[in-house]
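For reference, the structure is listed below as structure tokens.
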2 protein chains.
Amino acid sequence: MLRGLMNSSDELMAVRAAELYYDEGRTQDEIGSALHITRWKVGRLLAQARATGIVRIEIVHPRARRVLAEQAVKRRYGLKDIVVASSAGVSSAEELQRRVAQAAADYLTALRPAPHTLGVSWGRTMHDVAACLPRGWAHGVGVVQINGGLSLTKYGDTASATALVIAQKAAGSAHVLPIPAILEHTATKRSIERDRAIAGVLDRAAHAQAYLFGAGVAGADSALVHSGYLTAEEVEALVRKGAVGDVVGRFIGVDGVPVDSELDSRTVGLPLERIRTAETAIAVVAGEGKHEVARAMVTNGLCTVLITDDGTAAALLEGSAEPERREVQEQAS
Amino acid sequence: MLRGLMNSSDELMAVRAAELYYDEGRTQDEIGSALHITRWKVGRLLAQARATGIVRIEIVHPRARRVLAEQAVKRRYGLKDIVVASSAGVSSAEELQRRVAQAAADYLTALRPAPHTLGVSWGRTMHDVAACLPRGWAHGVGVVQINGGLSLTKYGDTASATALVIAQKAAGSAHVLPIPAILEHTATKRSIERDRAIAGVLDRAAHAQAYLFGAGVAGADSALVHSGYLTAEEVEALVRKGAVGDVVGRFIGVDGVPVDSELDSRTVGLPLERIRTAETAIAVVAGEGKHEVARAMVTNGLCTVLITDDGTAAALLEGSAEPERREVQEQAS
DNA sequence: CGGGGCGTTGCGCAGATGAGCGGATGACGC
DNA sequence: GCGTCATCCGCTCATCTGCGCAACGCCCCG
């Protein structure tokens with residue numbers, strides 16, 4: 001049952017019918033008499049035209065979603081929920097990122113039941129999500145930072161700022177981790193975690209009802225490189241060990257497990273296991289470079305909810321044997 | 001009655017409704033209960049979504065036409081008929097040109113009553129039209145070349161070849177003008193026209209029922225420059241005199257009249273007056289560079305039928321005060 | 001040459017959809 | 001505070017459209 005096999009004269013007829021139907025708004029009956037065919041034939045031609053992609057219907061709007069791709073990805077990876085933002089009409093990577101962040105903000109706002117405590121990470125993506133959240137998106141939510149992020153290069157702590165903004169906009173309380181993401185020695189990390197204030201925040205983080213976090217690329221662009229925790233060379237070494245990106249500060253491979261256990265033991269924050277067992281773990285992942293991390297996350301249970309763009313969704317569906325794959329990819333590309 | 005004025009929450013609702021309707025194929029009733037609105041509201045939102053361009057329906061096919069743009073241009077310039085080819089999915093100027101040529105071939109094939117004698121010009125566009133015509137597009141049509149075109153630079157006569165191909169594919173006879181397009185002296189032109197064979201062809205051309213011709217840009221790219229009749233400098237001089245392009249070898253200004261009467265008197269072929277008074281004069285004009293010539297032609301009655309691309313159509317509609325202008329341009333761009 | 005299988009066509013019908021209409025609701029000016 | 005106007009909403013009705021079904025023609029193979 002390969003669709004798209006149409007008589008070439010039927011194909012031309014379908015094009016004419018589609019023009020009259022969608023551009024001129026004529027009824028199938030009118031079109032039938034104009035083209036000297038029955039109205040049933042017109043209906044079938046129009047259906048074929050849509051099926052073969054001659055007629056392309058796209059929804060051009062910053063908040064448009066790709067429902068078909070959502071369903072396919074959700075089913076394939078057994079996610080609890082998913083949002084796939086449309087990239088129709090997007091011209092820059094920043095714009096795409098912003099659209100996905102907006103989608104995440106919308107999702108969070110609509111999340112029911114609202115979490116009592118929300119664990120959040122930081123990064124470029126999370127910053128955008130915080131910015132997109134409307135004032136009053138929730139009421140009295142406790143927002144806990146789940147991994148360290150005191151910037152070594154920039155003035156001010158953008159990581160904590162993210163948590164603060166999210167909390168402020170919900171008229172809630174923020175619990176920040178004003179400590180480095182990665183320490184030089186495992187011992188330092190252990191002792192910091194034992195500090196009463198820090199331990200309190202980490203404990204609170206471990207008991208959050210929901211987590212919201214981004215993902216980083218494994219490359220010189222990584223936020224951990226920009227912040228000065230790692231050098232480009234160190235990240236390159238991680239890539240050689242199989243790293244595809246980082247989740248809450250921890251670089252994982254395609255199996256979803258940290259590629260460097262020593263580095264991992266120096267990383268402050270919630271262990272990935274906690275994310276993996278969380279009831280609600282919302283990953284926000286956008287952009288060409290993050291397809292691999294996204295795949296690693298969804299295949300290894302590192303999120304229950306995925307919020308991403310249609311390009312990433314298409315990448316996640318590649319190699320799928322699902323019947324509607326072609327359609328979904330066409331739409332998502 | 002300015003459309004596009006929508007409540008922002010309505011707008012979001014419209015986006016969601018459009019997703020469910022067009023992507024998922026749900027009924028308006030289902031969407032209504034899903035979004036907690038009545039089905040009538042859903043219908044109105046969908047209508048608004050289409051009106052404001054949130055939902056964009058385009059027909060992606062090499063032979064797709066722009067019916068709305070066709071109507072607008074036809075009405076505005078009082079044409080007898082028109083074809084506007086869609087440029088959706090076109091990547092190169094050549095592809096666009098080919099689509100328009102195909103449209104012209106289709107138009108010619110469907111033309112009823114079929115002309116007994118068809119006058120044709122030559123050029124890149126006409127060459128493509130000839131190539132696109134199917135074998136047997138008509139039966140026994142006499143094809144007459146209406147302007148000289150013996151190439152001075154290339155071997156063989158591509159101008160006559162065009163007429164020959166068109167005639168052959170209709171199992172008809174060709175009458176060619178194996179003479180230069182432009183002569184050096186007016187006297188030579190006069191004596192050539194007095195030659196019995198030439199005069200016979202020209203007379204036949206003058207009595208054709210229909211004419212098919214392209215248009216050239218006024219620039220170094222002109223076919224008349226490539227063929228060696230004019231130098232780039234001479235064309236530049238013509239541009240300074242107001243030339244916007246050439247029609248059957250004659251450079252015209254925005255008023256549709258030859259800009260250089262001396263040059264015109266050295267040009268062999270049908271006078272523009274004959275085209276202007278023809279019952280059926282089919283102009284085939286495609287491409288960014290030909291917007292101005294196209295305008296000159298349609299505003300001065302140099303064609304009764306226009307076959308062009310949607311970009312040119314949009315250009316022709318610019319400055320129009322027609323109510324549906326916005327929509328048409330959106331669609332045509 | 002004939003029969004069976006398959007795709008295509010025309011059609012009835014029920015469900016889906018769009019146009020027009022009165023009433024409610026809210027904004028604005030007096 | 002009140003009258004007026006415009007807009008929006010839900011509804012009825014007529015129309016449009018998608019789906020299932022039977023008949024037809026076509027092609028392949030025996």
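Proteins come first, then strands; the chains are lettered A, B, ... in the order of their sequence lines, and each starts at number 1. Computed from a predicted structure; not experimentally measured.
- At whole-Å resolution of the value, NZ in A/K41 and C1' in C/dG10 are 11 Å apart.
- Using a distance-only test at 3.5 Å, with no hydrogens or angles considered, no donor-acceptor pair links the side chain of B/T312 to the main chain of B/A286.
- In this structure, CZ of B/R26 is placed 18 Å from P of D/dG18, rounded to the nearest angstrom.
- Only at 4.0 angstrom or more do the heavy atoms of residues 28-36 of chain B sit from any atom of DNA chain D, so none qualifies.
- The separation between A/L46 atom CG and D/dG18 atom P is 7 Å, rounded to whole Å.
- Protein atom OH of B/Y22 is 14 Å distant from nucleotide atom C1' of C/dA16, rounded to whole Å.
- Residues B/R63 and B/D106 are paired through a salt bridge, judged by an N-O separation under 4.0 Å between the basic side chain and the carboxylate.
- Counted within 6.0 Å of CD on A/E24, heavy atoms from surrounding residues, nucleotides or ligands total more than 12; the atom is thus considered enclosed.
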Measure all distances between protein nitrogen or oxygen atoms and nitrogen or oxygen atoms of nucleotides 25-27 of chain D, and list the pairs falling under 3.5 Å.
none

Report, one pair per line, the protein and nucleotides 11-14 of chain D atoms (nitrogen or oxygen only) whose separation is under 3.5 Å.
from, atom 1, to, atom 2, distance (Å)
D/dT12, O4, B/W40, NE1, 3.1

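- Atom-to-atom, CZ of A/R50 to P of D/dT17 comes out at 11 Å; the value is rounded to the nearest Å.
- Taking CG of B/L316 as the reference point, atom OG1 of B/T299 lies at 9.0 Å (rounded to 0.5 Å).
- Five base pairs at each end of the helix from C/dC1-D/dG30 to C/dC30-D/dG1 define two local axes, and these are offset by 30° (rounded to 10°).
- B/I307 and B/A103 get closest at one heavy-atom pair: CG2-CB, 4.1 Å.
- Here the OH atom belonging to B/Y22 is positioned 4.5 Å from the CD1 atom belonging to B/I57, to the nearest 0.5 angstrom.
- Expressed to the nearest 0.5 Å, how far CG of A/L35 lies from CD of A/E30 amounts to 11.5 Å.
- Residues in residues 34-43 of chain B take part in these salt bridge (Lys or Arg N to Asp or Glu O under 4.0 Å) pairs, two or more places apart or across chains: B/D10-B/K41.
- The salt bridge (charged side-chain N to carboxylate O under 4.0 Å, His left out) test applied to A/R16 returns A/E19, not counting sequence neighbours.
- Side-chain atoms of A/E70 come within 3.5 Å of backbone N or O of A/V84 as a donor-acceptor pair.
- Following rounding to the nearest Å, A/L45 (CG) and D/dT17 (C1') show an atom-to-atom distance of 15 Å.
- Counting to the nearest Å, the P atom of C/dT17 and the CG atom of B/L20 are 12 Å from each other.
- One N or O on the side chain of A/R99 and one on the backbone of A/S86 form a donor-acceptor pair closer than 3.5 Å.
- For B/D23 (side chain) and A/L68 (main-chain N/O), no donor-acceptor pair under 3.5 Å exists by modelled atom type.
- Between the side chain of B/E95 and the main chain of B/S91, a donor-acceptor pair closer than 3.5 Å is present.
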